[in-house]
Structure formats: structure tokens, C-alpha cells
Amino acid sequence: MLDPKLLRNEPDRVRQALNNRGESTEALDEFLELDKRRRELLVEVEQLKARRNTVSQEVAKMKKAGENADAIILEMREVGDKIKELDEELRTVEERTHHLLLCLPNMPHETVPQGLTEDENVEIERWGEPRHFDFEPKPHWEIASDLGIIDFEAAAKITGARFAFYKGAGARLERALISFMLDIHTTEHGYTEVLPPFIVNRASMTGTGNLPKFEEDAFKLVDTDYFLAPTAEVPVTNYYRDEILTAEQLPVYFVAYTPCFRSEAGSAGRDTRGLIRQHQFNKVEMVKFTTPEKSYEEWAKLVSNAETILQRLHLPYRKLDMCFGDLGFGAAKKNDIEVWLPEANTYREISSCSNFEDFQARRANIRFRPEAGAKPEFVHTINGSGLAIGRTVAAILENYQQADGSVTIPDALVPYMGGLTKISK
RNA sequence: GGAGAGAUGUCUGAGUGGUCGAAAGAGCUCGCCUCGAAAGCGAGUGGGCCUUUGCGGGUCCCGUGGGUUCGAAUCCCACUCUCUCCUCCA
């Protein structure tokens with residue numbers, strides 16, 4: 001959510017930002033108009049309330065003194081009706097302005113590259129050499145099926161398309177990666193491990209920006225106001241919703257493993273095979289709460305924390321600076337990390353690291369007190385995958401595949417695989 | 001699922017129609033005292049919104065949302081959450 005004062009005082013800056021993102025400015029215009037009306041109503045109704053309050057005091061005094069107060073009581077009855085009427089109108093105006101605020105995307109950071117499509121993201125860095133294959137590399141779903149470690153047909157029967165059923169070394173590999181990543185982030189990067197609920201309520205989804213605009217992307221539980229969490233970002237960020245932290249508590253580093261559930265509405269036909277785009281996938285997510293002063297420093301550290309995982313696994317990747325159009329709804333700044341997939345002969349997103357500045361904090365009302373007695377300010381929130389597990393499995397299978405169909409286990413992962421160094425038939 | 005109890009400020013906790021944004025204590029901040037600290041003493045100590053150049057002023061908030069009333073933390077209704085007992089259950 002943007003600061004209403006920013007919209008009021010610098011509408012042109014906001015308009016420019018929306019244009020850069022390729023977004024309509026309708027919501028902004030409607031907001032500005034209604035916001036004016038809102039303040040007019042507020043002044044009017046508050047004056048009436050002030051009058052009612054003082055007169056009510058007088059009623060109390062008169063009654064105590066045994067005087068008759070019927071006349072002014074009658075008059076106040078009318079004032080009360082008028083207040084009710086104005087309050088009603090105020091409520092509808094406020095509901096609408098609040099909704100409009102919730103629908104406006106974040107202001108991009110000044111360093112965000114120009115551009116509306118993914119081709120205009122700026123490649124910052126490449127790490128690792130894609131391996132040269134002296135045989136035709138297979139896609140990970142073939143490798144996995146041939147090895148009998150993932151059964152996509154079974155998942156389709158049990159549930160439907162875009163689900164996976166892991167078996168044997170495949171299931172073990174998934175679990176190993178979760179533990180491996182959590183261990184690195186907790187013991188080397190200073191994160192506190194948390195295990196949140198996988199189901200969240202509407203307020204939490206709104207707090208992170210997944211609602212109200214993107215309800216069709218989420219799985220909603222029937223007859224409830226609960227959603228399957230699309231990412232650990234939702235439950236973990238909302239841990240501090242409606243709270244005021246002390247400056248000493250910051251920065252907070254949380255890392256969480258959760259499954260993630262996404263309806264993938266609008267993705268029909270894309271990445272239909274394999275692990276790349278599933279309705280349910282596992283992810284290790286890093287979430288930080290910081291002061292505004294430190295947020296970009298902390299964000300840069302978080303990006304490198306994600307990179308560390310790929311480096312330890314010796315998986316080649318590249319880092320992208322996301323342009324206006326690919327920033328997503330809530331981010332002020334975003335870097336994606338893409339892992340090399342040999343069969344597709346391309347890099348695919350495996351982590352997305354965003355600085356939301358105070359956008360989520362404002363929605364979720366997460367504040368801190370810079371010092372004792374000072375006014376509370378909004379924290380900055382930062383998060384990023386560290387990493388998406390399913391896509392990491394895909395990358396390992398493809399990058400570590402052998403001519404005979406077996407897959408070697410990255411050295412760093414061997415202890416987590418109970419000493420297993422190779423998956424073969 | 002059944003029965004009951006409860007939800008008040010940073011915390012504990014009082015308050016059952018008006019003088020209550022809210023007693024008291026704790027905590028915290030500042031000052032006095034002290035070589036320094038503790039103790040003691042004194043003062044201060046919530047948030048949102050609107051308004052104001054500023055000082056300030058106004059309004060709303062006692063779990064949430066409605067209602068009654070000239071006036072609600074206090075009365076009524078619904079909901080949410082917490083706790084206890086029973087039932088069920090991994």
C-alpha cells in the first residue's frame with residue numbers, strides 16, 4: 001500500500017510510476033477525487049460530534065442539578081440522526097478509497113531498469129560454466145521417470161495435472177534439499193527457522209499483497225475465508241502484523257520451509273511437463289524485517305544468501321535485475337536468480353528476491369519504534385526464495401545426469417542423502 | 001460437537017450508563033539525590049485520522065462488527081479468539 005499522503009501531495013510522481021509499469025492510472029484518479037470528498041465529510045461529521053459531546057456533558061450537569069433537559073435532548077436527537085447519515089456516507093467512501101489503495105502497485109526504486117517485458121530485464125551476473133554434454137541431455141521429467149523417482153502419472157490419477165509423486169531417492173532428494181538449505185541459512189546466514197501454518201486467512205493474504213487483486217491465483221477453501229498459502233512469505237510476514245517492534249529487535253531474519261499452492265490461473269499450456277510449474281511445490285523462503293535505512297543492504301545480503309545455495313550445489317546461474325514491467329505488484333526492487341537447465345538450453349527462475357520497502361508493512365501494519373518514546377514507523381520487508389525445491393531437483397537431475405541415465409549427487413548434498421553419491425536404476 | 005469462563009494501554013489489573021483514553025502497580029524515559037549505582041523522591045510515558053505555518057484544536061479506538069441512548073469500556077445482538085471441563089481424534 002502506498003502512503004495516501006504521497007498520492008495527495010505528489011500525484012504526478014505516482015502517475016509516472018504507474019505509466020512506467022504499464023499500469024492504468026484510473027485507480028489513482030478515482031482515489032484523489034474520493035479522498036477529497038472523504039475529508040470534507042470528516043470535517044463536517046466531526047464538528048457535529050464535538051457539539052454532541054459538549055452538549056451531552058451539559059445534559060449530565062443539568063440532570064444532576066435537577067433541571068429539565070428535554071429541549072436539548074430533542075435537539076441532539078436530530079444531530080445524532082445527521083451524524084448517522086454522514087457516517088454512513090463516510091463509510092462507503094472510506095471503503096472505496098481503501099480498496100483503491102490496496103489495488104495500487106508499489107513505487108519502483110529509482111534504480112529499476114526501464115522496460116515492460118521480461119526481455120528487458122537486465123542481466124547482472126553469470127556464475128558457473130554450463131556443463132558440456134557429449135550426449136543429448138534429457139529433460140528432468142524423463143530422467144526422473146526412467147529412474148522411477150518421480151511418478152507423474154500416479155499424481156495425475158490421485159489428484160490431477162501439475163502434481164508430482166516422489167518416490168525413493170527422489171523423495172529423499174527433496175527432503176535433503178530442504179534440510180540442506182535450512183541448515184545453511186540458519187547456521188551460516190543467521191536466520192531463525194520457523195514453521196508456519198500452511199493455511200492463511202484473508203487478512204494475511206491482503207497484508208502481503210496477494211489480495212484483493214490476485215484472488216484467482218490462490219486456492220480458497222470452500223465455506224471458509226481460508227487460503228492455501230501460495231508462499232511462506234504470507235504466513236511469515238504476517239507474524240508481526242499489527243505489531244510495533246522495538247528498534248533493538250531489528251533486523252529480524254526468518255527462514256521457513258513450506259509447501260506452496262498456486263492455481264496457476266492463466267498459465268494453461270505453459271510448462272505442462274515436469275516440475276517447473278506445479279500446483280503444489282516445496283520452497284525454502286527467507287523473510288527479513290528491517291529499518292528503512294538498512295533495507296537495501298539487507299536485501300543485497302539476502303540475494304547473496306540465495307546465490308550461496310546454488311554455488312554450493314555447483315549449479316550455474318545468472319542474476320537478473322527486474323525491469324518495471326516484471327517487478328510484480330508489491331516489489332520496489334527485485335532480482336531474480338535463474339538456474340541453468342541444459343535440456344531447455346536456457347536459464348529458468350529458481351529464486352526471486354524482493355525489497356518491498358514499506359509497501360507490505362503499511363498493508364499489514366508492521367511498525368517499529370526508532371527509539372523509546374519516538375513515533376512508530378513502518379518497517380521494510382524483504383523476502384526471497386532460498387530456493388524453490390522442485391526446480392532445484394529439476395536442475396540437479398538435468399545438470400548432473402550421466403550418459404547411462406544415472407544422476408550423481410552434488411558433493412554438498414551427499415551427507416543429506418545418507419551417503420548416497422549417485423541415483424541409478 | 002456439548003457446557004462454562006474470559007478478551008481493557010508495554011505488562012499485571014480496576015472499572016457495570018455521564019466528570020473514563022481509562023484507577024492502581026510494574027516497566028520505560030527524563031530530572032533530583034549519589035563519587036557511581038541501587039533505593040528513594042518528582043515529572044512524563046498509547047495509536048489512527050482530520051485540522052493548524054507553529055503552539056494547539058477536534059474526532060475515533062477498552063477483541064471485531066452492528067444496535068439501544070442526548071450520552072456506552074459499561075446495556076443488547078452477532079461473530080472471532082483464548083482458557084477450563086466433557087466428547088472425539090493424529
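If you're wondering where the values come from, they're calculated on a predicted model, not measured in any experiment. All chains are named by letter (A, B, ...) in the order of the sequence lines, taking the proteins before the strands, and each is independently numbered beginning at 1. What's counted below: heavy atoms across the whole structure, side chains too, no hydrogens, waters or symmetry copies.
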[X] has an atom [atom1]; how far is it from atom [atom2] of [N], in whole Å?
X: A:R362; N: B:C49; atom1: CZ; atom2: P; result: 9 Å
X: A:K61; N: B:C70; atom1: NZ; atom2: C1'; result: 15 Å
X: A:D87; N: B:C49; atom1: CG; atom2: C1'; result: 13 Å
X: A:L42; N: B:C49; atom1: CG; atom2: P; result: 11 Å
X: A:L41; N: B:C49; atom1: CG; atom2: C1'; result: 14 Å
X: A:R51; N: B:G71; atom1: CZ; atom2: P; result: 13 Å
X: A:Q47; N: B:C49; atom1: CD; atom2: P; result: 20 Å
X: A:I244; N: B:G9; atom1: CD1; atom2: P; result: 12 Å

Who does [N] pair with, Watson-Crick or G-U, both distances under 3.5 Å?
N: B:A39; answer: none
N: B:G18; answer: B:C70
N: B:U84; answer: B:A3
N: B:G65; answer: B:C77

Any side-chain N or O of [X] under 4.0 Å from OP1/OP2 of [N]?
X: A:N53; N: B:U59; value: yes
X: A:K375; N: B:U45; value: no
X: A:R77; N: B:C70; value: yes
X: A:R367; N: B:G47; value: no
X: A:R38; N: B:C50; value: yes
X: A:N365; N: B:G47; value: no

[Y] and [X] aromatic ring geometry - parallel, tilted or perpendicular at 30°/60° bounds:
X: A:H189; Y: A:H185; answer: tilted
X: A:Y191; Y: A:Y253; answer: tilted
X: A:Y296; Y: A:H109; answer: tilted

Basic-acidic side-chain contact under 4.0 Å: [X], [Y]:
X: A:D87; Y: A:K49; answer: yes
X: A:R77; Y: A:D81; answer: no
X: A:K82; Y: A:E78; answer: no

What nucleic acid atoms does [X] come within less than 4.0 Å of, heavy atoms only: base, sugar-phosphate, or nothing?
X: A:V55; result: nothing
X: A:K63; result: base
X: A:R8; result: sugar-phosphate

*Can you find an N or O donor on one side and an acceptor on the other, under 3.5 Å apart, linking the side chain of A:Q57 with the base of B:G18?*
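Check fails, no donor-acceptor contact within cut-off.
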
*Ring centre gap for A:F163 and A:H279 strictly below 6.0 Å*: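 Yes, close enough.
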
*Taking the six-membered ring for Trp and the single ring otherwise, decide whether the centroids of A:F368 and A:F289 are under 6.0 Å apart.*
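Ring-ring flag for A:F368/A:F289: false, centres at least 6.0 Å apart.
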
If I pick the [atom1] atom on [M] and the same atom on [N], what distance separates them, to the nearest angstrom?
N: B:G67; M: B:G17; atom1: C1'; result: 16 Å
N: B:G6; M: B:C76; atom1: P; result: 13 Å
N: B:C83; M: B:G44; atom1: C1'; result: 37 Å
N: B:C30; M: B:U84; atom1: C1'; result: 45 Å
N: B:G65; M: B:G9; atom1: P; result: 15 Å
N: B:U74; M: B:G15; atom1: C1'; result: 8 Å
N: B:C41; M: B:G56; atom1: P; result: 30 Å
N: B:C20; M: B:A14; atom1: C1'; result: 12 Å

Short side-chain to backbone donor-acceptor contact, [X] and [Y], under 3.5 Å:
X: A:N9; Y: A:K5; value: yes
X: A:N201; Y: A:S204; value: yes
X: A:R363; Y: A:T208; value: no
X: A:W141; Y: A:L275; value: no

Picking from [options], which would you name as closest to the side chain of [X]?
X: A:S56; options: B:C70, B:G47, B:U51; result: B:C70
X: A:R91; options: B:G18, B:U59, B:G66; result: B:G66
X: A:R369; options: B:U51, B:C49, B:G47; result: B:G47
X: A:V59; options: B:U59, B:U68, B:G18; result: B:G18

*In a check of salt bridge (charged side-chain N to carboxylate O under 4.0 Å, His left out) between A:R51 and each of A:E44, A:E46, A:E75, which one passes?*
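The passing option is A:E75.
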
*Between A:A60 and A:D35, which is nearer to the 5' end of RNA chain B once each is assigned its nearest nucleotide?*
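Its nearest nucleotide lies further toward 5', so the answer is A:A60.
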
_Judged by each residue's nearest nucleotide on RNA chain B, which is more toward the 5′ side, A:L74 or A:E94?_
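The residue whose closest nucleotide sits nearer the 5' end is A:E94.
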
_How would you summarise protein contacts on nucleotides 76-83 of chain B per nucleotide, using B for base, S for sugar-phosphate only and - for none, with heavy-atom distances below 4.0 Å?_
--------

_What residues from residues 196-207 of chain A pass a heavy-atom cutoff of under 4.0 Å to RNA chain B?_
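Contacts with RNA chain B under 4.0 Å: none.
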
